[in-house]
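Single-structure report; data block below.
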Protein chains: 2
Amino acid sequence: MLLRIDPDSSAALYDQIAGSVRREVAAGRLAAGERLPSARDVAEALDVNLHTVLKAYQLLRDEGLVEMRRGRGAVVSARADAFAELRAEAAALVARARTLGVGADALAALVRTAAEEA
Amino acid sequence: MLLRIDPDSSAALYDQIAGSVRREVAAGRLAAGERLPSARDVAEALDVNLHTVLKAYQLLRDEGLVEMRRGRGAVVSARADAFAELRAEAAALVARARTLGVGADALAALVRTAAEEA
DNA sequence: TAGTTGTTATAGAGGAACTATAACACTTAC
DNA sequence: GTAAGTGTTATAGTTCCTCTATAACAACTA
């Protein structure tokens, strides 16, 4: 489990943390059923407040990627498998966008727009 | 040109406006070379501040979707054609994600993550 | 020349993000 | 049972972004 954040990024810290977890899941380095490091451990490792990590975890929970219960910690949900499956297709779309001169920001916005239409 | 915003949405107003323009472009209702309505007109129509509209336009410029020059207005760039081409593929990815139980937020985040990796 | 456009500057109100501390409820391991 | 570890909730303060408001400026068009 490698979680990275860039304090100079314009993206919110909790978004960066959530993004790190998604990256691990999509890459298959974090499979369904596995347990995430405790929020307190992550907070200490990244030198960030506990609540910031918890907000990231809750965001992932809202997305259905992890399940959380107090006392037990955060566990990657079964939906993670679907997430990993989508990875290759997402990467293909990114590559295709790149050949057309469309950057990451624009593509992500386009996908979000497409999702809102359906 | 139909620009809509939802004041109750959690999304930033300038993001909603930019999203509206992307939607028009992706749907082919706004083609390369066409001119966007002036920021002042949009601001008045949506009952929003001029700067909020300009921030949306500047965001689209950073994405390469429009070109702006003072006195002349904002014009849809040639890259818009590529944008429209990507629309169908983006929609297909969204549909596939939906069958796997992955929502819009999670998918958009995944695409952004995939883009950052490459 | 007159009108329209994006650009830049300044200032303020409101809300979100992040931090900090503390207590609580549930689970696991001993 | 007890202790340690977990997410959950509460409160409060600081900082930063969003949005508004006003004004002037520079480039283009008719």
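Order of the sequence lines sets the chain letters (A, B, ...), proteins ahead of strands, with each chain counted from 1. Values below: every heavy atom of this structure, side chains too, minus hydrogens, waters and symmetry copies.
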Please examine the side chains of [Y] and [X], heavy atoms only from C-beta on, and report whether any two atoms are closer than 4.5 Å.
{"X": "B:Arg4", "Y": "B:Arg23", "answer": "yes"}
{"X": "B:Asp62", "Y": "A:Asp105", "answer": "no"}
{"X": "B:Asn49", "Y": "B:Leu13", "answer": "no"}
{"X": "B:Met68", "Y": "B:Leu36", "answer": "no"}

Tabulate protein N/O versus nucleotide N/O from nucleotides 14-17 of chain C, keeping only pairs under 3.5 Å, one per line.
unit_1	atom_1	unit_2	atom_2	d
C:dA17	OP1	A:Tyr14	OH	2.9
C:dA17	OP2	A:Lys55	NZ	2.6

Which whole-number value in Å describes the distance from [X] [atom1] to [N] [atom2]?
{"X": "B:Glu67", "N": "C:dT7", "atom1": "CD", "atom2": "P", "answer": "12 Å"}
{"X": "A:Leu36", "N": "D:dT6", "atom1": "CG", "atom2": "P", "answer": "12 Å"}
{"X": "A:Arg35", "N": "D:dG7", "atom1": "CZ", "atom2": "P", "answer": "7 Å"}
{"X": "A:Gln58", "N": "D:dT6", "atom1": "CD", "atom2": "P", "answer": "16 Å"}

Measuring from atom CZ of B:Arg87 to atom CZ of B:Arg22, what distance do you get when rounded to the nearest 0.5 angstrom?
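Going from the CZ atom of B:Arg87 to the CZ atom of B:Arg22 covers 15.0 Å.
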Every protein N/O within reach of nucleotides 24-30 of chain C N/O, cut-off under 3.5 Å:
unit_1	atom_1	unit_2	atom_2	d
C:dA25	O4'	A:Arg70	NH1	3.2

Would you find a donor on one side and an acceptor on the other, under 3.5 Å apart, between the side chain of [X] and the backbone of [Y]?
{"X": "A:Glu89", "Y": "A:Leu86", "value": "no"}
{"X": "B:Gln16", "Y": "B:Asp6", "value": "yes"}
{"X": "A:Glu44", "Y": "A:Asp41", "value": "no"}
{"X": "A:Thr113", "Y": "A:Ala109", "value": "yes"}

Mind listing the residues from residues 44-52 of chain B sitting with a heavy atom below 4.0 Å of DNA chain D? Number order is fine.
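Within residues 44-52 of chain B, the residues near DNA chain D are B:Val48, B:Asn49, B:His51, B:Thr52.
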Considering only Ile, Leu, Val, Met, Phe, Trp and Tyr, and joining two whenever side-chain heavy atoms are under 4.5 Å apart, list the other residues clustered with A:Tyr14.
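ILVMFWY cluster around A:Tyr14 also holds A:Leu59.
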Could you list the donor-acceptor pairs under 3.5 angstrom formed by side chains in residues 72-79 of chain B, with sequence neighbours left out?
unit_1	atom_1	unit_2	atom_2	d
B:Ser77	OG	B:Gly64	O	2.7
B:Ser77	OG	B:Leu65	O	3.2
B:Ser77	OG	B:Arg79	N	3.3
B:Arg79	NE	A:Gly101	O	3.1
B:Arg79	NH1	A:Gly101	O	2.9

Does B:Asp41 or A:Ala11 map to a spot on DNA chain C nearer the 5' end, using the closest nucleotide for each?
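First, find each residue's nearest nucleotide; the 5'-ward one identifies B:Asp41.
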OP1 or OP2 of D:dT6 under 4.0 Å from side-chain N/O of A:Ser38
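Checking A:Ser38 against D:dT6: at least one side-chain N or O falls below 4.0 Å of OP1 or OP2.
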Could you check which residues of residues 59-66 of chain B get a heavy atom under 4.0 Å from DNA chain C? Sort them by number, please.
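B:Arg61, in order of number.
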CZ (B:Arg61) with more than 12 external heavy atoms under 6.0 Å
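More than 12 within 6.0 Å, yes.
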B:Val102 versus A:Ala82, closest heavy-atom pair with distance
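B:Val102 and A:Ala82 have their closest heavy atoms at CG2-CB, 4.3 Å.
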